[in-house]
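Worksheet: the structure to be examined is printed underneath.
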Amino acid sequence: MSLNGTYDDNNIFAKILRGEAAAVKVFENEDVLAFMDLFPQARGHLLVVPKKVRARNFLDLPAAHVEPLMAHVHKLAIAVEKALKPDGLTVVQFNGAPAGQTVFHLHFHIIPRYEGVALAGHGHANRADIPELQKIAAEIAAAL
Ligand code: AMP
């Protein structure tokens, strides 16, 4: 998938947004949905996606949607820090397959980092235990 192309309505995040696929949700309003990454690179790996837009990547995002999305990424990053007390926090976003993107609905990763704990490989991490994700999601939601 190149940087440019057509939005695929059957991508997994579009299905999650339509309620056709399951997700462990942390926060949702009319602008964004935040849910736990099913293959976390670290404990507490969170994804934030914009709603109501067919944006494959950050470049596709209409300007009017930038502020609400980024404001929520900021708010959620603060909640992750407050809830999980990591030693660091990576906030990252990939555009196009050559940049590492694997799901083509725009999303930001918020990844807690822990001293001495290596990050699992992007796209190569193990599938998480759902009850464990639900527990972490509740902790983050409580910190919002
Ligand atoms: P990217 O490679 O930047 O497009 O990130 C896509 C992310 O989505 C990866 O970190 C995957 O682990 C994650 N992912 C893939 N499928 C699901 C799913 N069904 N629910 C939650 N996260 C997912």
Side-chain angles (χ1 to χ4, degrees), residues 1-63 65-81 83-84 86-114 116-144:
M1 282 274 195
S2 73
L3 204 48
N4 303 301
T6 308
Y7 183 89
D8 175 8
D9 287 300
N10 286 318
N11 75 75
I12 185 64
F13 294 172
K15 289 182 179 174
I16 288 172
L17 285 167
R18 289 196 299 268
E20 296 168 9
V24 178
K25 297 181 181 182
V26 169
F27 173 84
E28 184 166 22
N29 70 2
E30 61 175 359
D31 295 315
V32 305
L33 171 65
F35 56 97
M36 303 309 299
D37 195 304
L38 191 55
F39 306 92
Q41 290 183 257
R43 184 178 186 274
H45 185 166
L46 184 66
L47 300 170
V48 187
V49 306
K51 293 169 67 171
K52 298 186 296 192
V53 287
R54 297 169 82 248
R56 288 162 30 107
N57 56 52
F58 200 37
L59 310 182
D60 278 351
L61 188 67
H65 292 259
V66 173
E67 193 278 333
L69 175 61
M70 296 315 296
H72 285 93
V73 169
H74 180 249
K75 194 173 172 178
L76 284 151
I78 289 170
V80 168
E81 194 283 329
L84 306 181
D87 302 305
L89 206 61
T90 296
V91 178
V92 68
Q93 184 271 323
F94 303 101
N95 300 282
Q101 187 175 10
T102 58
V103 176
F104 294 88
H105 179 104
L106 170 62
H107 52 281
F108 277 79
H109 299 258
I110 299 173
I111 310 174
R113 305 297 301 272
Y114 306 93
V117 180
L119 207 59
H122 180 73
H124 304 288
N126 293 328
R127 194 179 196 279
D129 178 52
I130 299 296
E132 169 69 3
L133 285 189
Q134 289 169 334
K135 180 174 168 288
I136 298 168
E139 288 172 19
I140 300 169
L144 276 168

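Counting convention: from 1, in listed order, for ligands and their atoms alike. Side-chain atoms are counted along with the backbone in the values below, which use heavy atoms only and exclude waters and symmetry mates. Worth saying up front: this structure is predicted, and the values here are computed from it rather than measured.
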(request) Ignoring hydrogens, just give me the one of His124, Arg56, His107, Gln93 whose non-hydrogen atom is nearest atom 1 (P) of ligand 1. (result) His107
(message) Among all the protein's non-hydrogen atoms, which is closest to atom 8 (O) of ligand 1, and how far away is it?
(response) Phe13 CZ, 3.3 Å
(message) For Phe104, which part has a heavy atom under 4.0 Å from ligand 1: side chain, backbone, both, or neither?
(response) neither
(message) The test is side-chain contact (heavy atoms from CB on, under 4.5 Å); show your working for Leu47 and His109 and say whether it passes.
(response) CA-CA 5 Å; Leu47 300 170; His109 299 258; 3.4 Å; yes
(request) Looking only at protein heavy atoms, identify the closest one to atom 20 (N) of ligand 1 and say how far it is in Å. (result) Leu38 CB, 3.6 Å
(message) My understanding is that we take every heavy atom of each candidate and find the minimum distance to atom 4 (O) of ligand 1. Doing that for Val24, Val92, Leu106, Thr102, which one comes out nearest?
(response) Thr102
(message) I need the contact type for His109 against ligand 1. Using non-hydrogen atoms and a strict under-4.0 Å cut-off, is it side chain, backbone, both or neither?
(response) side chain
(request) First locate atom CG of Leu84, then atom CZ of Arg113, and finally report the distance between them rounded to the nearest 0.5 Å. (result) 14.5 Å
(message) With a 4.5 Å cut-off on side-chain heavy atoms, are Lys51 and Glu30 touching?
(response) no
(request) Check whether any N or O atom of Gln101, backbone or side chain, sits under 3.5 Å from an N or O atom of ligand 1, and answer yes or no. (result) no
(request) Closest by any non-hydrogen atom to atom 14 (N) of ligand 1: pick that one out of Asn57, Asp37, Ile111. (result) Asp37
(request) Please could you name the atoms of ligand 1 that Gly100 approaches to less than 4.0 Å, counting only its heavy atoms? (result) 2 (O)
(request) With the side chain counted from C-beta on, respond yes when Arg56 and Asp8 share a heavy-atom pair under 4.5 Å apart, and no when they do not. (result) no
(message) Give me the nearest non-hydrogen protein atom to atom 19 (N) of ligand 1 as residue plus atom name, then the distance to 0.1 Å.
(response) Ile12 CG1, 3.5 Å
(request) Would you please test Tyr7 and His105 for ring pair (Phe, Tyr, Trp, His ring centres under 6.0 Å) and show each step? (result) CA-CA 8 Å; Tyr7 183 89; His105 179 104; 5.6 Å; yes
(message) Within the structure, is a non-hydrogen atom of Gly123 found at a distance of less than 4.0 Å from ligand 1?
(response) no
(request) Please confirm whether His45 comes within less than 3.5 Å of ligand 1 when only nitrogen or oxygen atoms on both sides are compared. (result) no
(message) Using only atom types and a distance under 3.5 Å, with no angle test, would you say the side chain of Arg43 pairs donor to acceptor with the backbone of Ile136?
(response) no
(request) Could you tell me whether the side chain of Asn95 and the main chain of Asn57 form a donor-acceptor pair under 3.5 Å? (result) no
(message) Return the closest protein heavy atom for atom 16 (N) of ligand 1 as residue, atom name and distance.
(response) Phe39 CE1, 4.0 Å
(request) Could you say whether the N/O atoms of Phe94 and ligand 1 ever approach to under 3.5 Å? (result) no
(request) With Ile111 as reference, evaluate Asp37, Val91, Leu119, Leu89 under the side-chain contact (heavy atoms from CB on, under 4.5 Å) test and give the passing residue. (result) Leu119
(message) Please check whether Val103 reaches ligand 1 - meaning an N/O of the residue sits under 3.5 Å from an N/O of the ligand, judged on distance alone.
(response) yes
(request) Tell me whether the centres of the aromatic rings in Phe94 and His107 are closer together than 6.0 Å. (result) no
(request) Decide if the gap between the ring center of Phe108 and the ring center of His72 is smaller than 6.0 angstrom. (result) no
